[in-house]
Every structure is written in C-alpha cells, then in structure tokens.
Protein chains: 2
Amino acid sequence: MVDKRHDVDRCDCNVIHEEIVNQVKAKMPLEENLYDLAELFKVFGDSTRIKILWALDEAEMCVCDIAVLLNMTQSAISHQLRVLKQARLVKYRKDGKIVFYSLEDDHIKQIFDQGLIHINE
Amino acid sequence: MVDKRHDVDRCDCNVIHEEIVNQVKAKMPLEENLYDLAELFKVFGDSTRIKILWALDEAEMCVCDIAVLLNMTQSAISHQLRVLKQARLVKYRKDGKIVFYSLEDDHIKQIFDQGLIHINE
DNA sequence: TGATTACTTGAATATATGTTCATGTATATG
DNA sequence: CATATACATGAACATATATTCAAGTAATCA
C-alpha cells in the first residue's frame with residue numbers, strides 16, 4: 001500500500017522527525033482557540049485601537065473627546081469603537097446624546113505591558 | 001480672536017471635558033511606542049503565525065515539519081517565518097540543508113496566556 | 001557533475017481592513 | 001415643531017496582507 005498523504009509537500013524530515021511533530025501536534029491547543037487568540041490580537045494590531053484602549057484605561061471618555069485626543073474624525077473613531085465593542089474590550093453608557101465608553105476588561109493593560117517588554121528588550 | 005482648530009470636528013464636550021482630555025493626553029505613551037506595540041500585535045494577529053509560535057514553543061522545528069504539522073505549503077510557512085524573523089520573534093540555525101527555527105523570546109507564551117485569559121473569561 | 005532536497009523569494013491574486021464621505025437616528029434645545 | 005448636537009452606519013476607496021505559483025539558491029548525494 002502506498003502512503004496517500006498528498007495534502008502538502010512532504011520531505012525526508014517528516015519521517016525523521018515524525019515523533020517530535022506528533023508530540024507537538026498532541027500538545028497544540030484546539031484550532032478554534034488559536035483562531036480566537038489571533039482574532040483578539042488582530043484587534044490590538046492597529047495603532048488607532050491601541051490608542052483608544054490606552055486612553056480609556058486612563059478615563060471613561062465620549063466619542064468626540066477621543067476623536068479630538070487622537071486628532072481623527074468621529075466617524076473613524078466610531079467605526080473602531082464598534083470593533084472594540086464586538087471584541088468585548090469596551091462597554092458604553094448613554095447620558096443624553098453623549099455616549100461614554102470605558103474598558104470592559106481589567107487586564108488589557110497587562111497584555112500591553114507584556115508586549116512592551118518584548119519591544120524594549 | 002477665533003479658535004482656529006479646524007483639524008477635526010469639535011463639539012461642546014471638548015470644552016466641558018477639556019481638562020480630562022488634556023490629562024489623558026499627558027499620560028499617553030509616545031506615538032512611536034504605541035505604533036510599535038500595534039505592529040507587534042499585528043504579527044500575533046494571524047492564526048498561521050500563532051500556530052507556528054505555539055509549535056516552536058514546544059520544540060525547535062524545521063520548515064517542512066512545520067508545514068506538515070499545519071498542513072500548509074513550505075512556501076507559505078517560509079513567508080510567515082520571514083515575518084516572525086523581522087519581528088525578532090524567532091531565530092534559526094542551519095544544519096546542512098535543513099533550517100531549524102526556534103523562539104527568540106522567552107515570554108511570547110506569557111503574552112498568549114494573557115490573551116487566553118480574556119477569551120476564556 | 002548532474003540530480004535531488006530543503007528552503008527562499010518575487011510576482012500575482014484574492015481577500016481583508018481603515019478611513020472618508022454622505023446619510024440616518026436619537027436626544028436636546030430654542 | 002424645527003434645528004442642532006452626538007453618534008452610528010453603509011458604501012466606496014485605497015491600502016495591506018496571506019497564500020499560491022513559478023523560479024531561484026545552497027547543500028547533499030549518486
């Protein structure tokens with residue numbers, strides 16, 4: 001019987017290192033969890049959103065204040081706040097026509113700090 | 001004299017909350033640092049790269065082994081390894097024709113774990 | 001030396017994403 | 001009730017990015 005694993009180009013390494021590859025495969029988290037993790041980091045992977053989160057870590061703020069702070073249009077900020085809302089990173093409360101946003105999660109700053117450690121190594 | 005700050009659409013909030021906005025502005029990290037931080041998270045924001053990093057945290061591996069592990073082409077993996085190399089997240093050593101990659105940074109896993117805390121809250 | 005292996009690289013392609021612009025909605029105000 | 005304010009939203013646009021394909025390089029081996 002011929003080995004029919006044609007899905008990807010294999011090489012001799014795969015035979016030699018078969019055991020190691022299998023061990024790593026066994027220890028890998030679920031595909032779904034790694035996908036979710038990548039989605040979370042994708043949200044952090046934009047400087048506008050990083051700035052918004054950093055600002056909200058200092059104080060609850062309304063949309064137009066964030067816009068002025070970052071020197072961007074309200075529309076652009078609003079679009080990004082929607083992304084942050086969907087990722088459950090920010091929450092909001094309405095006070096008349098004003099919408100105040102704040103952080104939903106306490107340890108966002110901790111994730112940032114870990115990232116800064118890498119940058120400043 | 002008229003206020004000439006036409007750069008973004010301003011609203012009454014900006015006057016009312018002026019002090020808070022200024023305080024937050026004063027505490028914000030340098031634009032450059034936040035940009036670098038976003039760039040780092042951008043690298044983490046792809047499930048292929050997350051998987052590669054997670055695998056390399058378990059064991060040093062060559063390109064074709066990673067390709068088989070993730071069921072992707074060597075070319076695709078090689079392209080992503082270049083991104084990870086540029087971000088100083090992985091390093092490599094050559095042994096004949098085989099190139100072994102490993103993690104450059106010890107606390108990548110810590111950043112991932114922080115992210116998983118948010119996901120599994 | 002010629003062929004094969006392991007990997008890299010550049011161009012092409014499809015897809016995703018951030019901002020702008022125009023418009024829509026909800027609340028406050030005169 | 002008409003107008004203004006604060007914000008949200010959809011479409012359009014430009015840009016970025018992940019993978020594929022084809023070709024190229026360096027090391028090994030017959």
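By convention in this document, chain letters (A, B, ...) are assigned in the order of the sequence lines, proteins followed by strands, and residues within each chain are numbered from 1.
- Aromatic pair B:Phe44/B:Phe112: ring centres closer than 6.0 Å.
- Counting heavy atoms from C-beta on, the side chains of B:Asp65 and A:Ile20 never come closer than 4.5 Å.
- As judged by a 4.0 angstrom heavy-atom cut-off over every strand, A:Tyr92 is placed among residues making no nucleic acid contact.
- In this model, A:Cys11 has its SG atom within less than 2.5 Å of the SG atom of B:Cys64.
- Heavy atoms of A:Tyr101 sit under 4.0 angstrom from primed sugar atoms or phosphate atoms, though from no base atom.
- More than 12 heavy-atom neighbours from other residues, nucleotides or ligands sit within 6.0 angstrom of CD on B:Gln86.
- Spacing between atom CD of B:Gln74 and atom P of C:dT9 amounts to 14 Å, rounded to whole angstrom units.
- Each of B:Ile77 and B:Ile98 belongs to its own hydrophobic cluster when Ile, Leu, Val, Met, Phe, Trp and Tyr are linked at side-chain heavy-atom distances under 4.5 angstrom.
- For B:Asp65 and C:dC7, the CG to C1' distance is 13 Å, given to the nearest whole Å.
- With rounding to whole Å, B:Lys94 atom NZ is found 13 Å from C:dA6 atom P.
- Contact check for B:Leu84 versus B:Val43: side-chain heavy atoms found under the 4.5 Å cut-off.
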Name the pairs: protein N/O against N/O of nucleotides 13-18 of chain C, kept only if under 3.5 Å.
| from | atom 1 | to | atom 2 | distance (Å) |
| --- | --- | --- | --- | --- |
| C:dG18 | OP1 | A:Arg49 | NH1 | 3.0 |
| C:dG18 | OP1 | A:Arg49 | NH2 | 2.6 |
| C:dG18 | OP2 | A:Arg49 | NH1 | 3.3 |

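- Put simply, B:Leu103 and B:Val99 are part of the same group of oily side chains (I, L, V, M, F, W, Y) that touch within less than 4.5 Å, one to the next.
- A distance of 6.0 Å or more separates the ring centres of A:His118 and B:Phe41.
- Between chain A and DNA chain D, the heavy-atom contact criterion of under 4.0 Å yields a 5' to 3' nucleotide range of D:dT5 to D:dG10.
- Residue whose closest nucleotide on DNA chain C sits further toward the 5' end, between B:Ala76 and A:Gly96: B:Ala76.
- Remark: P of C:dA6 and CG of B:Leu81 are 16 Å apart, rounded to the nearest angstrom.
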Before you tell me yes or no, could you show the steps for B:Ile52 and B:Leu81 under side-chain contact (heavy atoms from CB on, under 4.5 Å), namely the whole-Å CA-CA distance, both residues' side-chain angles and the distance that decides it to 0.1 Å?
CA-CA 8 Å; B:Ile52 293 174; B:Leu81 283 169; 3.9 Å; yes

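- By the 6.0 Å and 45° rule, A:Lys85 stacks over the aromatic ring of A:Tyr92.
- Remark: C1' of C:dC7 and CD1 of B:Ile52 are 14 Å apart, rounded to the nearest angstrom.
- Annotation: cation-pi pair A:Lys27/B:Trp54 absent, no NZ/CZ under 6.0 Å from the ring centroid and within 45° of its normal.
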Pairs under 3.5 angstrom, nitrogen or oxygen only, protein versus nucleotides 10-12 of chain C, please.
| from | atom 1 | to | atom 2 | distance (Å) |
| --- | --- | --- | --- | --- |
| C:dG10 | O6 | B:His79 | NE2 | 2.7 |

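- When the nearest nucleotides of DNA chain C are assigned to A:Lys97 and B:Ser78 by heavy-atom distance, the more 5′-ward of the two goes with B:Ser78.
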